[in-house]
Amino acid sequence: HDTIAAALAEARPGDTIRLAAGTYYESIVLVGVSLVGAGPEQTVLKGSASGAAVVSATGNGTLAGFRVEPADGRTAILLGGSWTVRDCATAGGTIGVAWPASSDRQGGADDAPHLDLQNLTIRNAERCGVSLLPATGTANLSGCEVTDCRGTCLQSECASVGVTASSFHAQGAPTCGIWADSSCALTVTDSRCSGSQFGVMVTDQAALRATRLQISGTQRSGLIGES
């Protein structure tokens, strides 16, 4: 296919589209279709002139092996449902990865959405590196690095949602490295926060469990908690 859109027109939920090395000026809407590139240094998605996000995905699937460079005011990757995002990168835009998963699934815990971010690099987001806003579900971040965002590196405002971050590196955000809010249960292990105004903020009945968390170079406070 000459374009990603042409491949998507023939794809069905559960399919995988593989992208060759190159730069793609398309905004992608995925419904249960996985997208795999040749690597974040080889496959670059810049998006088109329209759309709130370069990659919008609902349903279930995998995103892997590409870099997203959105224009100012746009989100790089916008997710709803259950997704694995691995070996990807984002540079610029408003938010690197936003996960506003809906709560319209019925059933028990097995039906709740899940987000898995692995080896993800996010740089220079205007507002937030990773924004977690689902009504239910779980999120796991491992081996991720978020640097030089203009707001917060990781922000989780999701009641009744469990978030686990391991080997997570947050650096250079003016507001704070990690912010847990709205009754979120956040577990952080083997991670670092540096060069922010606040290292970690825990507010509005959120809960933090931290093991081997290093906080350094903060301007005001390493850890702040508010009920």
Exercise for the section: Report yes if some heavy atom in the side chain of Leu19 is under 4.5 Å from a heavy atom in the side chain of Ile4; otherwise report no. Expected result: yes
Problem - Where Cys88 and Gly65 come nearest, the two heavy atoms and their spacing - result: SG-N, 3.5 Å
Practice task
Please tell me if the side chains of Pro174 and Gln197 come closer than 4.5 Å, counting only heavy atoms from C-beta onward.
Solution key: no
Problem - Criterion side chain to side chain donor-acceptor pair (under 3.5 Å) on His114 and Ser82, from CA distance to verdict - result: CA-CA 5 Å; His114 177 73; Ser82 295; over 6 Å; no
Practice task
Flag the pair Val33 / Ile17 as yes when at least one side-chain heavy-atom distance between them is below 4.5 Å, and no otherwise.
Solution key: yes
Problem - Student check: side-chain heavy atoms of Arg150 and Asn124 closer than 4.5 Å - result: no
Practice task
Return the set of residues passing side chain to side chain contact (heavy atoms under 4.5 Å, CB included) with Thr218 (not counting sequence neighbours), or none when no residue passes.
Solution key: Ile215
Practice task
For Arg209 and Thr189, run side chain to side chain donor-acceptor pair (under 3.5 Å): C-alpha distance rounded to whole Å, both residues' side-chain angles, the deciding distance at 0.1 Å, then the answer.
Solution key: CA-CA 8 Å; Arg209 175 178 293 179; Thr189 59; over 6 Å; no
Exercise for the section: Establish, from distance only, whether the side-chain atoms of Asn140 and Thr164 form a donor-acceptor pair under 3.5 Å. Expected result: no
Exercise for the section: With sequence neighbours excluded, tell me which residues meet side chain to side chain contact (heavy atoms under 4.5 Å, CB included) with Glu69. Expected result: Val44, Lys46, Arg67, Ala91
Completion exercise
Closest non-hydrogen contact found for Leu78 with Ala53 is CB-CB, 3.8 Å
Problem - Hydrophobic cluster identity match, Leu223 and Val188, side-chain contacts under 4.5 Å - result: yes
Practice task
In sequence, state the C-alpha distance, the side-chain angles, and the governing distance for Ser27 and Ser48, and then conclude on side chain to side chain donor-acceptor pair (under 3.5 Å).
Solution key: CA-CA 5 Å; Ser27 293; Ser48 61; 3.0 Å; yes
Handout entry: Chi angles and distances behind the side-chain contact (heavy atoms from CB on, under 4.5 Å) call for Gln171, Val146
Key = CA-CA 6 Å; Gln171 180 178 359; Val146 183; over 6 Å; no
Practice task
Decide yes or no for Leu30 and Leu35: does some side-chain heavy atom of the first lie under 4.5 Å from some side-chain heavy atom of the second?
Solution key: yes
Handout entry: Student check: side-chain heavy atoms of Thr147 and Ile122 closer than 4.5 Å
Key = no
Exercise for the section: Measure the shortest side-chain to side-chain distance between Cys144 and Thr121 over non-hydrogen atoms and say whether it is less than 4.5 angstrom. Expected result: no
Exercise for the section: Take Trp179 and Ser156, measure what side chain to side chain donor-acceptor pair (under 3.5 Å) needs, and give me the verdict at the end. Expected result: CA-CA 6 Å; Trp179 182 11; Ser156 180; over 6 Å; no
Practice task
Find out whether Tyr25 and Leu45 are in side-chain contact, i.e. whether some heavy atom of one side chain is under 4.5 Å from a heavy atom of the other.
Solution key: no
Handout entry: Shortest non-hydrogen contact between Ala20 and Thr43, atoms and distance
Key = O-OG1, 3.3 Å
Handout entry: Salt-bridge present (Arg123, Asp148; N to O < 4.0 Å)
Key = no
Problem - Short side-chain to backbone donor-acceptor contact, Ser191 and Phe168, under 3.5 Å - result: yes
Problem - Side-chain donor/acceptor of Ser167 to backbone N/O of Gly143, under 3.5 Å - result: no
Practice task
Group every Ile, Leu, Val, Met, Phe, Trp and Tyr by side-chain heavy-atom contacts under 4.5 Å, then state whether Leu79 and Leu8 land in the same group.
Solution key: yes
Exercise for the section: Answer with yes or no whether the hydrophobic clustering places Trp99 together with Ile95; edges join I, L, V, M, F, W, Y residues whose side-chain heavy atoms lie under 4.5 Å apart. Expected result: no
